[in-house]
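Below is one structure, written out as structure tokens; comments come after it.
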Amino acid sequence: MIPRLLLFIFISLSTISKLSAKNWQVGFGKTYTKPSQVANLVSNGDTVSIDPGLYSGDVCTWKASKLWLRGLGAPGVYAHLEANGQNAGGKAIWVIQGDSVTVQNIEFSGCQVPDHNGAGIRAEGLHLHVLFCSFHHNEMGILTTNDDNAAFVFEHNAFSYNGYGDGFSHNVYVGSVFSLVFQYNYSHHGKVGHLLKSRAQYNYILYNRLTDETGSDASREIDLPNGGTAIILGNVIEQSPESQNGNIIGFGMEGLANFPPHDLYLAYNTIVNDRFASRTVQFPAGLHTFSAKNNLIAGPAVFIDAGGAPAILDTIRNVFIPLVPAAGFKDAANYDYRLLAGASAIDLAIPPGLVNGFDLQAIKMYDHPFNWIARTPSGNASDVGAFEWNSPLANQNPGMRPITVF
């Protein structure tokens, strides 16, 4: 399982630097002034380079494979695709039907369709890599196919204010696919739906910020409704006072329909509940493994709400603090959950072990907005939670730092 997934990640990332068959230039004053004008002209392996600026009402379907669809602005200076009442095929701003497509540095906003699933991107191909993009004020941020051969990598993206308000539309909704790698993203202010929902067989949710924040009425922060295998590592997770749901992470709550064993691993997450009461993790009977190590959990929440005991229950060295102000955060009111000197979570972590060759030791930290830096233990041992208390959060990749966040 792991080698196949890692091979896909390597192939996906390498598409960014590949030599393309043709580079199509799109922008104001050029031969092609809108992305839709080249959507039916491109061939497999082509690149489409789009100038920054507003492309209002421009929607299309991409059918070719191995495309690189990139905005040319500096990170965060987007080619902005604003739906403005339009959609492609009643589905999305962009419908991507080709395989092994990369989308980079594009902003998608405002998509609405009759069935209330209007997405920034509807992913219908087998493999899609999305990075440094922004999705906001759509009915769905990204909505994917249901194909058990499909694998997706979403990283360094912002998702906000997506959802129709019916509870069935989300910031991100991944269907019944083989795998999802979701890393270094910032998902916040969902509209009733979840900040991340995935039915994938294998979910790797790594070093993200998933925070409801003030004024948000999102439901779960992470919803994995069909079980499978999930690793939730190094994330910053917060539930707002207005949350629609009483649990923060749901696993298998619509039935354990994925292939067994059903295993859920949580390590080095900082999870904050600002709601009056909540459950941190909820799962039904039928789990094989529930493992939670080195997590910092603050606020009035029951840790586990289980419909039945898992075959393996492995929870150790988690720190529970019922009152958020007592956790020793730098600025909890502004979602800065880095630790102050003297916080009780410092130097308490233990080696979390391996899962099928995947090391659960946190080696990175989320760096806002939607980036990461390397993580080095600040003392004799790692700290519990998503951050080392005395590590500076200077950006690891300053040339890629986004500057616009919705």
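Only a predicted model underlies this, so the values are computations on that prediction, with no experimental measurement involved.
The side-chain contact (heavy atoms from CB on, under 4.5 Å) check on Ala292 picks up Leu266, Phe290, Asn295, Phe303, Thr315, Asn318, with sequence neighbours excluded. In terms of the ring-ring contact (aromatic ring centres under 6.0 Å, His included) criterion, residue partners of Tyr164 (sequence neighbours excluded) are, by chain and number, His116. Scored by the ring-ring contact (aromatic ring centres under 6.0 Å, His included) test, Trp62 finds Trp94 as partners (sequence neighbours excluded). Under the rule for a salt bridge (charged side-chain N to carboxylate O under 4.0 Å, His left out), Arg317 has no partner lying at least two apart in sequence or in another chain. The side chain to side chain donor-acceptor pair (under 3.5 Å) test applied to Gln112 returns no partner, not counting sequence neighbours. When the side-chain contact (heavy atoms from CB on, under 4.5 Å) test is applied to Arg279, the partners found at least two apart in sequence or on another chain are Asn247, Gln282, Val302, Asp305. With sequence neighbours excluded, no residue forms a side chain to side chain donor-acceptor pair (under 3.5 Å) with Asn40. Annotation: ring-ring contact (aromatic ring centres under 6.0 Å, His included) contacts of Phe259 (sequence neighbours excluded): none. Taking Arg275 as the reference, nothing meets the side chain to side chain donor-acceptor pair (under 3.5 Å) condition, with sequence neighbours excluded. Take Asp115 and apply the salt bridge (charged side-chain N to carboxylate O under 4.0 Å, His left out) test, not counting sequence neighbours, and it matches no residue. Every residue meeting the side chain to side chain donor-acceptor pair (under 3.5 Å) condition with Asp223, not counting sequence neighbours, appears here in chain and number order: His194, Arg220.
The minimum heavy-atom distance linking Pro52 with Phe28 is given by the pair O-CE1, 4.3 Å.
In this structure, the separation between NZ on Lys63 and OG on Ser43 is 13.5 Å, given to the nearest 0.5 Å. Note that the CD1 atom of Ile373 and the OH atom of Tyr207 stand 12.0 Å from one another [nearest 0.5 Å].
There is no side-chain donor-acceptor pair under 3.5 Å between Asn226 and Asn258.
Ile271 pairs with exactly one of Leu296, Asn235, Ile248 by the side-chain contact (heavy atoms from CB on, under 4.5 Å) rule, that one being Ile248. Screening Asn162, Val113, Asn117, Asp166 against Glu139 for a side-chain contact (heavy atoms from CB on, under 4.5 Å) leaves a single residue, Val113.
The shortest side-chain heavy-atom distance between Val101 and Val130 does not fall under the 4.5 Å cut-off. Side-chain contact between Pro352 and Asn294 is present, with heavy atoms from C-beta onward closer than 4.5 Å.
Using cut-offs of 30° and 60° on the angle between ring planes, the pair His368 and Tyr186 is perpendicular.
Note on residues 173-192: no pairs pass salt bridge (charged side-chain N to carboxylate O under 4.0 Å, His left out), not counting sequence neighbours.
With Tyr173 as the aromatic partner, Lys197 meets the cation-pi criteria of under 6.0 angstrom to the ring centre and within 45 degrees of the ring axis.
For Glu254 and Arg199, the salt-bridge test passes: some basic side-chain N is under 4.0 Å from an acidic carboxylate O. One finds no salt bridge joining Lys66 and Asp99 here, because no Lys/Arg side-chain nitrogen approaches an Asp/Glu carboxylate oxygen to under 4.0 Å.
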